[in-house]
Structure formats: C-alpha cells, structure tokens
2 protein chains.
Amino acid sequence: MKIIERKRALSQLHQDSKIEERRGHILGTALNLFTRSGYFNTSVHDIQRRAEVSIGSIYHHFKNKEGIAKALYDDLLVRMEGEMVKIMGEQKTCHDRCREVVSFLFAMTENEPDTMEFVVHARHREFLPDEKPICSSRPFTLMLEMVQEGIREGDIVGVNSVVAATAIFGGPLRMIHLRLEGMLEQPLPSYLSEVWQCAWHGVSSMGYMRPKEWS
Amino acid sequence: MKIIERKRALSQLHQDSKIEERRGHILGTALNLFTRSGYFNTSVHDIQRRAEVSIGSIYHHFKNKEGIAKALYDDLLVRMEGEMVKIMGEQKTCHDRCREVVSFLFAMTENEPDTMEFVVHARHREFLPDEKPICSSRPFTLMLEMVQEGIREGDIVGVNSVVAATAIFGGPLRMIHLRLEGMLEQPLPSYLSEVWQCAWHGVSSMGYMRPKEWS
DNA sequence: ATTACAAGAACGAACGTTCGTTCTAATAAA
DNA sequence: TTTATTAGAACGAACGTTCGTTCTTGTAAT
C-alpha cells in the first residue's frame with residue numbers, strides 16, 4: 001500500500017517535473033524573445049518555433065499570449081519579494097538592507113539579464129493592462145518600508161520617504177538600465193562601492209567625511 | 001512684380017502653416033494615443049478616427065506608422081537638446097546647471113506629461129529599431145558632459161563620471177516615473193528642493209552640513 | 001472677369017498579410 | 001478504456017498600407 005502510494009507519488013512527481021520542465025521551457029523561450037524583441041514584436045508562432053513545441057502545447061499550458069507574460073511577471077514578483085524578505089531578515093539596519101538590495105539587483109542583472117530586463121524595462125501596462133504599476137508591487141513597497149524605517153530610526157534625513165527611496169535606489173536603477181543597454185563595459189558589481197556611496201551619502205543623516213577620492 | 005511675389009510668398013506661407021497645423025494635429029493625437037495605450041496598442045485607424053482625418057491624409061504626411069513615431073521622437077530630441085544648450089549657456093557651475101536641468105524636467109513633466117512620458121517611458125527600440133538608445137542621444141550626453149566638467153573642476157567627488165551622472169539624475173528621473181504613473185499627489189516642482197539636495201549631496205565634494213530637517 | 005488647367009492635399013474602400021486563437025486528430029500515459 | 005498532452009491545419013479579425021479618386025486652391029489664358 002505504502003509502496004504503491006510512494007510509487008504513485010514518485011511517478012506523479014516525475015510527471016509534474018516533466019510538465020513543469022516543458023512549461024518552464026516555454027516560459028524561458030518567451031522571456032528571451034520578449035526581452036530581445038519586445039512583447040508585441042514576438043508572436044506566439046515565434047515562441048512555438050524557437051521552443052520547438054507545438055501551438056497546441058503552448059495553449060494547453062497557458063490561457064493565451066498574455067497568460068505567458070503574466071506567468072513570467074508573477075514568478076518574478078514572487079522571487080523578488082522572497083529576496084527582499086530574506087534581506088530584511090538577514091540585515092538589521094536600513095543602510096545594510098538597502099545596500100544589500102542594490103547588491104542583489106546588480107548581481108541579478110549580470111546573472112539573469114533577460115529577467116532583469118523584464119523587471120525594469122518592459123512596459124507591463126501595455127500588455128498586462130490589469131496589473132498595477134510595478135512600483136506599487138510588494139518588492140518595491142518593501143524597499144520603501146526599509147527606507148521609512150531608516151527615517152524613523154534617524155539613519156536617514158527627514159525627507160519625504162518617497163523622495164528618500166528614489167534618491168537611494170534611483171541611481172542604482174539607472175545603472176542597471178545602462179548596463180542592460182550595453183553602455184557599461186564593466187559588470188555592475190564592480191561599480192557597487194561607488195554607486196552605493198553616492199546613493200547613501202545623498203540621504204544619510206550622519207556627519208559627512210568623504211575622502212577626496214575613493215579607490 | 002514685387003507685389004506679386006510677395007503675394008505668392010504670403011499665400012505660400014499661409015498654405016505651409018495650414019499644412020503644418022494638420023501635420024501637428026496628427027502628431028499630437030498620435031502622441032496622446034501612444035502614451036495612453038502604447039505604440040502597439042494604437043492602430044493607424046485609431047489615430048485617423050481620433051484626429052478626424054483620413055487614412056490617406058496620414059499617409060500623405062508621413063511615410064508610415066513608424067514615421068509618425070520617428071517624427072515625434074526627433075522633434076523631442078531637438079527640443080531637449082535646445083533646452084540643455086540654453087541651460088549650459090545660462091548657468092555657469094555644474095551644480096547650477098544640473099539643478100536647472102532637473103527643474104526643467106520636472107516642469108515639463110507637469111506641463112506636457114504626454115511628451116515626457118514619451119521620453120522616459122516608451123521603449124523606443126521596440127518600434128524605432130534603428131534608433132540608438134536614448135541615453136546616448138545628444139541631450140543625455142550633454143547632461144553627462146555637465147557632470148564631467150563638475151568632476152574636472154572639483155565640484156563633484158572623483159568617481160566614474162557615469163556613476164556620478166546616474167547618482168545625480170537617477171533619483172529625479174525616478175520621481176518623474178512615479179509622477180507619470182500617478183503615484184505622487186503633489187506636482188513635481190514642490191519636491192524639487194528635497195530631491196535636489198539628496199541628489200547633490202550624494203556627489204558633492206564640499207563639506208557636509210545638512211540640517212536635521214528641511215522645510 | 002471668366003474659364004481652363006495644374007498641383008497636391010484629402011479621402012476611404014480594398015488588399016494582402018499576420019496575428020492570436022480554436023479545433024480536430026493523433027499519441028502517450030494511467 | 002479513459003484521460004492528459006501534443007500536434008499543426010484552419011480560421012476570422014485586425015492590421016498597416018496602397019491606390020484610384022475627389023476636392024481645394026492657386027495660376028495662366030482668354
């Protein structure tokens with residue numbers, strides 16, 4: 001009995017993983033095409049050709065083209081939120097938390113540029129009309145909360161919290177844009193130190209002692 | 001003779017302005033639709049209906065749909081570059097120049113949100129495939145040059161100039177994004193002081209004396 | 001002053017193509 | 001056998017664009 005159940009469970013797992021694999025394969029191909037050519041310049045037939053699956057298979061796993069984008073988007077927000085929560089658990093000060101967020105985003109840009117492009121570049125509203133703007137999604141509100149706590153604790157100067165958040169993350173995000181557009185030779189993490197110092201000094205309430213040059 | 005020529009010239013001028021008016025009308029309608037629904041969600045027929053002109057008229061004034069977007073884009077870059085050059089002429093220090101740029105961008109966001117949306121939000125690469133990325137267009141390279149001079153003069157700490165430029169303009173640009181997405185209650189200029197102080201303090205090489213609160 | 005002509009702006013029906021999606025049949029798994 | 005999955009031909013709607021025509025306006029000839 002138990003063995004049979006185990007077998008069924010295993011086989012089910014095997015089945016699930018195979019299904020998940022194909023689903024993931026379609027998603028990966030779609031992400032690649034979406035970021036390479038844009039959502040609207042990518043047809044379902046393009047995805048089908050590149051993924052070497054059939055139209056029917058795609059429409060079996062996803063409701064429609066928008067459903068593919070939605071799946072990508074949801075997956076992404078979940079991953080990002082998980083990372084933000086993890087960072088908030090590991091780091092205790094606003095400074096360390098925000099720095100870690102930037103560090104994570106920089107690393108992700110290098111490791112999964114397609115994914116990152118889909119986060120920061122894509123005009124989700126254009127093809128996911130029912131989605132709220134990404135800046136009011138959980139990962140981004142968590143980043144805002146980090147900053148708000150920093151203001152409460154006195155680490156950050158008492159400005160409007162949205163202003164403080166954009167001051168901290170605006171520069172790093174622009175660096176990500178530039179990197180994704182191929183305008184930066186070096187990988188992002190090599191700029192982290194400089195970028196972060198500029199970002200943090202802009203809002204830090206601590207006394208200011210900056211050396212003339214950073215190495 | 002002279003009178004006849006004058007008359008012809010006048011009539012020609014009148015004709016030209018009428019033509020220009022219609023062309024501008026089509027462009028304005030297109031800009032509005034493009035920013036409201038996105039380039040790909042806007043059909044030429046939509047533009048035709050909203051502008052209350054004929055399809056033929058549109059194709060008389062513009063080569064094709066892409067030509068409309070290109071005309072908008074070119075016009076925009078010219079205007080922006082003119083404004084940057086003007087600012088560089090009027091302001092003499094890096095600090096004042098960059099601040100004026102941000103001030104101008106904030107004002108423009110309020111006065112012509114459609115135009116601004118088209119600058120900062122649209123994924124031009126997707127529908128203008130031959131265009132270089134906007135960050136390497138003249139207006140943006142001029143902003144970079146302002147910063148580079150600031151580094152040379154010692155006003156800005158000696159970081160990589162791209163890092164400095166993103167540190168200065170990244171925050172303000174994010175504020176513009178937020179405002180265009182309707183996430184800010186107040187008009188942008190009311191945040192200018194705070195935003196600018198954060199941006200400048202991030203890169204300024206001067207001693208640091210920030211009051212606990214800004215009014 | 002009237003008429004005839006020319007230039008080009010405006011028009012919109014119609015075209016060919018591409019797209020997202022559906023449908024039916026075939027195959028594999030349970 | 002039944003169910004889940006894959007396959008790809010077929011479909012209709014919507015798209016960007018073309019093209020023959022009409023309308024408008026300015027010029028020349030009578």
Side-chain angles (χ1 to χ4, degrees), chain A residues 3-27 29-30 33-34 37-72 126-129, chain B residues 1-27 29-30 33-34 37-72 126-129:
Chain A
I3 289 176
I4 289 175
E5 275 176 6
R6 181 80 67 82
K7 259 191 179 166
R8 274 200 54 190
L10 262 173
S11 131
Q12 189 62 33
L13 205 69
H14 181 67
Q15 184 68 1
D16 282 358
S17 76
K18 265 180 72 183
I19 289 174
E20 206 49 50
E21 187 183 317
R22 175 163 284 236
R23 202 184 122 97
H25 177 59
I26 295 171
L27 279 179
T29 308
L33 289 172
F34 286 169
S37 319
Y39 177 82
F40 291 102
N41 290 321
T42 302
S43 73
V44 177
H45 294 276
D46 289 337
I47 300 172
Q48 170 244 315
R49 269 189 296 272
R50 273 286 289 265
E52 292 182 304
V53 298
S54 70
I55 288 282
S57 183
I58 291 179
Y59 277 88
H60 175 75
H61 288 287
F62 303 95
K63 183 172 166 248
N64 50 26
K65 186 184 177 184
E66 192 179 314
I68 302 176
K70 181 100 168 67
L72 282 171
E126 286 186 18
F127 51 88
L128 296 174
Chain B
M1 177 72 109
K2 240 185 160 177
I3 290 174
I4 291 175
E5 274 176 7
R6 181 83 65 84
K7 260 191 178 166
R8 275 202 53 190
L10 264 173
S11 130
Q12 190 61 34
L13 204 71
H14 181 67
Q15 186 71 0
D16 282 359
S17 76
K18 267 181 70 182
I19 290 173
E20 204 48 50
E21 187 184 318
R22 173 162 283 235
R23 202 185 121 97
H25 177 60
I26 295 171
L27 278 180
T29 308
L33 289 172
F34 286 169
S37 320
Y39 177 84
F40 292 102
N41 289 321
T42 302
S43 73
V44 178
H45 293 274
D46 289 337
I47 300 172
Q48 170 247 315
R49 268 189 296 272
R50 273 285 289 263
E52 293 183 304
V53 297
S54 69
I55 286 284
S57 183
I58 291 180
Y59 277 88
H60 177 75
H61 288 285
F62 303 96
K63 183 172 167 248
N64 50 28
K65 185 184 178 185
E66 192 180 314
I68 302 175
K70 181 100 167 66
L72 284 169
E126 286 186 17
F127 51 88
L128 296 175

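A, B, ... follow the sequence lines: proteins, then strands. Residue 1 opens every chain. Computed from a prediction, not measured in an experiment: that's the story for all the values here.
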When you measure from the side chain of A:V44, which nucleotide among C:dT21, D:dG16, C:dG8 comes out closest? C:dT21

B:K70 atom NZ is separated from D:dG16 atom C1', nearest whole Å, by 20 Å

Flag the pair A:H60 / A:S54 as yes when at least one side-chain heavy-atom distance between them is below 4.5 Å, and no otherwise. no

Roughly how many Å is it from OH in B:Y39 to P in D:dC15, rounded to a whole number? 13 Å

Nearest-Å distance for atom pair CD1/C1', residues A:I47 and D:dT6: 17 Å

Output the rounded distance in Å from CD1 (B:I58) to P (C:dG8). 21 Å

Among the nucleotides C:dC11, D:dG16, C:dG20, whichever has the atom closest to the side chain of B:S57 is C:dC11

B:S54 vs C:dA10: side-chain N/O to OP1/OP2 distance below 4.0 Å: no

State whether B:Y39 and B:K65 meet the cation-pi test: NZ (Lys) or CZ (Arg) under 6.0 Å from the six-membered ring centroid, and within 45° of the perpendicular axis. yes

Please tell me if A:H60 has a side-chain N or O lying less than 4.0 Å from either OP1 or OP2 of D:dA7. no

Applying the side-chain contact (heavy atoms from CB on, under 4.5 Å) criterion to A:V53, which one of A:T29, A:I26, A:I47 satisfies it? A:I26

With rounding to the nearest 0.5 angstrom, report the CG to CD1 distance, A:N64 to A:I58. 12.0 Å

Quickly work out the A:Q48 CD to C:dT21 P distance and round it to whole Å. 14 Å

In this structure, how many angstroms lie between the P atom of C:dA10 and the CZ atom of B:R23, rounded? 12 Å

Does a side-chain N or O from B:R22 land closer than 4.0 Å to OP1 or OP2 of C:dA9, or not? no

Is any side-chain N or O of B:H45 closer than 4.0 Å to OP1 or OP2 of C:dG12? no

From the set D:dT17, C:dC11, C:dG20, return the single nucleotide nearest to any side-chain atom of B:Y59. D:dT17

Measuring to OP1 and OP2 of C:dG20, would you say a side-chain N or O of A:N64 lies under 4.0 angstrom away? no

Distance, rounded to the nearest Å, where A:F127 contributes CZ and C:dC19 contributes C1': 17 Å

Determine whether a donor-acceptor pair (N or O, by modelled atom type, separation under 3.5 Å) exists between the side chain of A:D46 and the backbone of A:T42. no

Atom-pair distance (CZ on A:F40; P on C:dC19), nearest Å: 13 Å

Closest-nucleotide mapping onto DNA chain C: is A:I55 or A:N41 further toward the 5' terminus? I mean the 5' end. A:N41

